[in-house]
Amino acid sequence: MRILVVEDDATLRAQLAQAIGEAGHTVEAAADGREGHYLGEVEDFDLVVLDLGLPLLDGLTVLRRWRAAGRNMPVLILTARSAWQEKVAGIDAGADDYLAKPFQMEELLARIRALLRRRSEHGSAVWQCGAIELDTRAARVLLAGQPLALTSHEFKLLSLLMQRKGEVLSRTELAEHLYAYDSERDSNTIEVFVGRLRRKLPAGSIETVRGLGYRLVDPAAGDAGA
Ligand code: CA
């Protein structure tokens with residue numbers, strides 16, 4: 001998944017980016033409210049971790065503006081310990097969950113999993129498509145019950161395809177989810193990664209939809225898009 005972290009404390013920001021990245025997600029980070037607001041407004045994220053005490057534009061304002069603009073990605077806010085008013089204001093502003101600082105990274109990752117799970121139609125931490133099973137909690141993939149070795153790029157690619165099973169995803173969309181920064185985005189390399197991933201999956205799992213992109217299906221189901 002693609003996750004935005006908005007946190008002004010450089011140490012915490014780096015820790016969050018690392019932990020969330022290691023959990024198999026693509027992370028983009030912003031150090032102030034203005035940049036964070038901009039990224040959340042113009043780019044698509046599956047989830048946002050938003051600190052409330054931010055320079056330039058406070059977190060509550062950022063959240064209210066996103067919601068007012070119809071941005072409905074799950075947002076987990078980070079609040080100061082004991083500031084219950086902040087939590088209430090955050091929930092009122094449209095936050096989906098909150099965590100008081102200081103927190104254990106493990107708890108944050110568990111909250112992120114819960115939010116993504118709630119959002120996903122799969123309703124479970126383990127996603128399935130035919131013989132492919134992706135455990136979002138362990139960031140692991142099984143193929144017919146056997147562990148499948150994937151690079152982190154292949155894992156991210158497969159996660160997105162599985163989350164949106166049956167839907168056609170464009171190369172641009174896949175590139176956005178794969179690379180945190182514009183400068184690294186090159187939709188041609190997506191073809192290479194899709195090709196590699198395809199060779200590791202049952203034949204017919206990733207369909208090429210000419211001119212549009214790719215779609216994950218269960219080849220055994222005989223019903224594309226099911
Ligand atoms: Ca702060």
Side-chain angles (χ1 to χ4, degrees), residues 1-120 125 136-137 139 152 155-156 159-160 163 176-185:
M1 303 293 106
R2 194 150 183 270
I3 296 183
L4 172 64
V5 170
V6 190
E7 167 62 63
D8 57 315
D9 181 309
T11 308
L12 181 56
R13 187 170 65 245
Q15 288 168 345
L16 286 166
Q18 188 183 350
I20 297 171
E22 281 170 3
H25 304 290
T26 301
V27 184
E28 244 187 280
D32 64 67
R34 201 175 292 163
E35 189 195 358
H37 171 259
Y38 174 75
L39 287 173
E41 182 116 302
V42 302
E43 297 194 23
D44 284 328
F45 292 95
D46 297 294
L47 185 140
V48 180
V49 176
L50 176 68
D51 182 32
L52 288 190
L54 290 169
L56 301 181
L57 196 62
D58 70 277
L60 274 181
T61 305
V62 170
L63 181 55
R64 283 196 195 103
R65 288 190 186 172
W66 281 338
R67 295 314 193 213
R71 306 298 281 163
N72 64 356
M73 62 285 195
V75 174
L76 188 154
I77 53 171
L78 302 179
T79 69
R81 169 78 54 200
S82 80
W84 63 268
Q85 298 94 331
E86 266 196 349
K87 296 171 194 164
V88 174
I91 299 292
D92 283 343
D96 297 273
D97 198 0
Y98 61 82
L99 202 52
K101 290 181 182 179
F103 53 84
Q104 294 295 318
M105 209 50 88
E106 276 309 310
E107 180 170 10
L108 178 93
L109 294 175
R111 302 286 187 100
I112 288 177
R113 284 196 298 271
L115 284 173
L116 290 174
R117 195 157 65 226
R118 224 187 287 167
R119 194 186 189 215
S120 141
T136 58
R137 205 172 340 214
S152 77
F155 179 82
K156 285 174 187 170
S159 304
L160 185 66
Q163 191 204 12
E176 271 175 18
H177 280 259
L178 216 51
Y179 308 113
Y181 302 101
D182 282 320
S183 59
E184 301 171 15
R185 280 177 204 159

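In each ligand, atom 1 is the first atom listed, and ligand 1 is the first ligand listed. None of these values were measured; they are calculated from a predicted model. Because only heavy atoms are used, hydrogens play no part in the values below, and waters and symmetry mates are left out as well, while side chains stay in.
Other residues, nucleotides and ligands contribute more than 12 heavy atoms inside 6.0 Å of the CZ atom of R67.
The atom of D8 that is an N, O or S and sits closest to the Ca ion (ligand 1) is OD1. When distances from the Ca ion (ligand 1) to the N, O or S atoms of D51 are compared, OD2 comes out shortest.
Distances from the Ca ion (ligand 1) show that L54 has no N/O/S atom below 3.0 Å. E7 lies apart from the Ca ion (ligand 1) in this respect, since none of its N, O or S atoms is found at a distance under 3.0 Å. Because the distance cut-off is set at 3.0 Å, D9 fails to qualify as a neighbour of the Ca ion (ligand 1), as none of its N, O or S atoms comes that close.
Taking a cutoff of 4.0 Å between a charged side-chain nitrogen and a carboxylate oxygen, D51 and R13 do not qualify as a salt bridge. D97 has no carboxylate O lying under 4.0 Å from a charged side-chain N of R113, or vice versa, which leaves the two without a salt bridge. Taking the charged nitrogens against the carboxylate oxygens, R2 and E28 do have a contact shorter than 4.0 Å, which makes a salt bridge.
The distance from the CD1 atom of I20 to the CG atom of L47 is 8.0 Å, given to the nearest 0.5 Å.
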